[in-house]
2 protein chains.
Amino acid sequence: MPSISNKPDKLDSLSVDRKTLKATGLRATDQRAVILDIILQGGGHLDADEVYRRARQKHPLISLSTVYRALRSFKNHDLVEEMHFDEEHHHYEAKSNKEHHHLVCLKCGKVTEFQSSISGYIKKNVPQAKDFEIVGTEVRLTGYCPECRAKQ
Amino acid sequence: MPSISNKPDKLDSLSVDRKTLKATGLRATDQRAVILDIILQGGGHLDADEVYRRARQKHPLISLSTVYRALRSFKNHDLVEEMHFDEEHHHYEAKSNKEHHHLVCLKCGKVTEFQSSISGYIKKNVPQAKDFEIVGTEVRLTGYCPECRAKQ
DNA sequence: TTTGATGCAAAACGTTTGCACCAAG
DNA sequence: CTTGGTGCAAACGTTTTGCATCAAA
């Protein structure tokens with residue numbers, strides 16, 4: 001029987017992250033486990049600086065370049081996806097098997113996910129896409145979210 | 001009767017550009033006429049540096065900041081659109097009234113346009129988009145173009 | 001013991017800005 | 001004349017890199 005703990009599953013999820021890292025062929029350092037955890041638990045759409053800010057709470061000595069290096073490494077190993085919601089930053093989210101896309105509010109910046117098989121629609125309806133080997137579909141709708149529309 | 005010229009329509013297109021600029025409320029400087037011309041004739045998908053390189057051929061003293069300022073101004077006045085094909089640069093293309101999207105080859109970087117009313121499809125099929133006021137639809141398919149697939 | 005990961009500082013990158021000047025209106 | 005546009009250099013914010021050190025395997 002494992003020891004009793006009143007803490008949430010922080011240690012557990014970090015040890016899962018360690019396993020994920022090893023399984024992916026990366027070293028299971030504290031920093032990378034923390035960074036991976038933040039992205040997996042973080043609800044997606046975090047930019048590098050936000051990851052850095054959250055990571056420092058758990059691991060105060062972590063450096064920004066470690067965050068960048070980890071994110072790039074995770075991206076290359078298909079653990080996370082890099083998105084481009086605005087022109088200034090990259091945003092990162094956990095790789096998901098379900099095709100989903102994003103609505104970006106131009107006023108408040110909020111990002112809303114939705115699922116839709118747009119790539120299927122495109123493959124069926126776009127002749128130019130026939131000869132292309134499509135590996136990624138990024139759909140980004142911009143506009144104004146219900147809240148911002150109401151406020152104005 | 002206008003004077004005879006064996007040149008192509010360079011002067012003509014530049015003077016059209018001047019008219020466009022004035023009609024838009026901008027000053028018709030040589031630099032801006034050249035920049036606008038490059039984008040209008042350039043087949044789209046140029047980044048700021050490429051515009052700069054081409055502009056220097058016609059107007060050697062032009063500066064990079066002038067290019068950036070012109071592009072921003074054109075964008076704000078809806079003469080051009082700013083696109084995000086990759087993470088590093090902005091790309092600019094002439095504003096078109098027809099909805100079109102892009103296939104980006106991950107190998108050679110070539111960008112292929114296609115037309116498709118994806119926004120219509122999304123408005124019909126995505127509940128989250130119902131309450132959103134959509135002003136822009138950017139679809140970016142990544143993959144490998146027929147040429148690169150053949151070579152490999 | 002090997003090699004990937006780290007922290008720091010410095011550099012690189014695309015882009016923007018302050019300023020004095022110029023030129024279109 | 002007025003005001004928007006220009007060129008230059010310097011600044012900006014984000015991301016990358018060189019290097020010596022560290023620690024996972």
**Q** Taking NE2 from His84(A) and P from dT14(D), how many angstroms apart are they, rounded to a whole number?
**A** 15 Å

**Q** Is there any protein nitrogen or oxygen under 3.5 Å from a nitrogen or oxygen in nucleotides 19-25 of chain C, and what are the pairs?
**A**
unit_1, atom_1, unit_2, atom_2, d
dA24(C), N3, Arg27(B), NH1, 3.4

**Q** Taking the nucleotide of DNA chain D with the closest heavy atom to each, which residue, Ser73(B) or Ser65(A), is nearer the 5' end?
**A**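 The answer here is Ser73(B).
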
**Q** What is the distance from NE2 of His89(B) to P of dT16(C), rounded to the nearest Å?
**A**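 So the NE2-P distance, His89(B) to dT16(C), works out to 13 Å.
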
**Q** Using modelled atom types only, decide if a donor and an acceptor are shared between the side chain of Arg27(B) and the backbone of Arg32(B) within a distance under 3.5 Å.
**A**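 Checked: no pair found.
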
**Q** Please answer whether the main-chain N or O of Arg140(A) pairs with a side-chain N or O of Arg140(B) as donor and acceptor at a distance below 3.5 Å.
**A**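 No, because the side chain of Arg140(B) does not come within donor-acceptor range (under 3.5 Å) of the backbone of Arg140(A).
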
**Q** Using a cut-off of strictly less than 4.0 Å, decide whether Gln31(A) has a side-chain nitrogen or oxygen near OP1 or OP2 of dA23(D).
**A**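 So the side chain of Gln31(A) is outside the cut-off, no N or O lying under 4.0 Å from OP1 or OP2 of dA23(D).
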
**Q** Without placing hydrogens or testing angles, list every side-chain donor-acceptor pair under 3.5 Å for residues 115-122 of chain B, not counting sequence neighbours.
**A**
unit_1, atom_1, unit_2, atom_2, d
Ser119(B), OG, Glu99(B), OE1, 2.7

**Q** So which heavy atom on Glu81(A) is nearest to which on Lys95(A), and how close?
**A**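 Looking at all heavy atoms of both residues, the shortest contact is CG-CD, 3.8 Å.
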
**Q** Does NZ or CZ of Arg56(A) come closer than 6.0 Å to the centre of the six-membered ring of Tyr52(A), within 45° of the ring's axis?
**A** yes

**Q** If we ignore hydrogens and angles and just use 3.5 Å, is the side chain of Ser96(A) paired with the main-chain N or O of Lys98(A) as donor and acceptor?
**A** yes

**Q** Determine to 10° how strongly the helix from dT1(C)-dA25(D) to dG25(C)-dC1(D) is bent, judged from the axes of its five-pair ends.
**A** 40°

**Q** Would you kindly give the CG-to-P distance between Leu71(A) and dT14(D), to the nearest whole Å?
**A** 14 Å

**Q** Kindly say if His90(B) contacts the phosphate of dG14(C), meaning a side-chain N or O under 4.0 Å from OP1 or OP2.
**A**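 False: His90(B) side-chain N/O out of range (4.0 Å or more) of dG14(C) OP1/OP2.
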
**Q** Less than 4.0 angstrom between a side-chain N/O of Tyr68(B) and OP1 or OP2 of dT15(C), yes or no?
**A**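 Looking at the OP1 and OP2 atoms of dT15(C), one of them is under 4.0 Å from a side-chain N or O of Tyr68(B).
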
**Q** When the distance from CG of Leu21(B) to C1' of dT6(D) is rounded to whole Å, what number comes out?
**A**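 Between C1' of dT6(D) and CG of Leu21(B): 15 Å.
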
**Q** Write down the distance between CD1 (Ile35(B)) and P (dG4(D)), rounded to a whole number of angstrom.
**A** 18 Å

**Q** CD of Glu50(A) versus P of dG13(D): gap in Å, rounded?
**A** 18 Å

**Q** Compare all side-chain heavy atoms of Ser13(B) with those of Leu40(B) and state whether any distance is below 4.5 angstrom.
**A**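 No - every pair of side-chain heavy atoms lies 4.5 Å or more apart.
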
**Q** Tell me whether the side-chain N/O atoms of Arg72(B) come closer than 4.0 Å to OP1 or OP2 in dT17(C).
**A** yes

**Q** For Asn76(B) and dG5(D), give me the distance from atom CG to atom C1', rounded to whole Å.
**A** 15 Å

**Q** Counting any heavy atom closer than 4.0 Å, what does Leu64(B) reach on the DNA or RNA strands: base, sugar-phosphate only, or nothing?
**A**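 Base, at least one base atom sits under 4.0 Å.
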
**Q** Assess whether atom NZ of Lys130(A) is packed by more than 12 heavy atoms of other residues, nucleotides or ligands within 6.0 Å.
**A**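 Yes - once you tally the heavy atoms of other residues, nucleotides and ligands closer than 6.0 Å, there are more than 12.
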
**Q** Taking C-beta and beyond as the side chain, do Pro127(A) and Phe114(B) meet within less than 4.5 Å on heavy atoms?
**A**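 No, their side chains stay 4.5 Å or more apart.
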
**Q** What is the distance, rounded to the nearest whole Å, between atom NE2 of His91(A) and atom C1' of dG13(D)?
**A** 14 Å

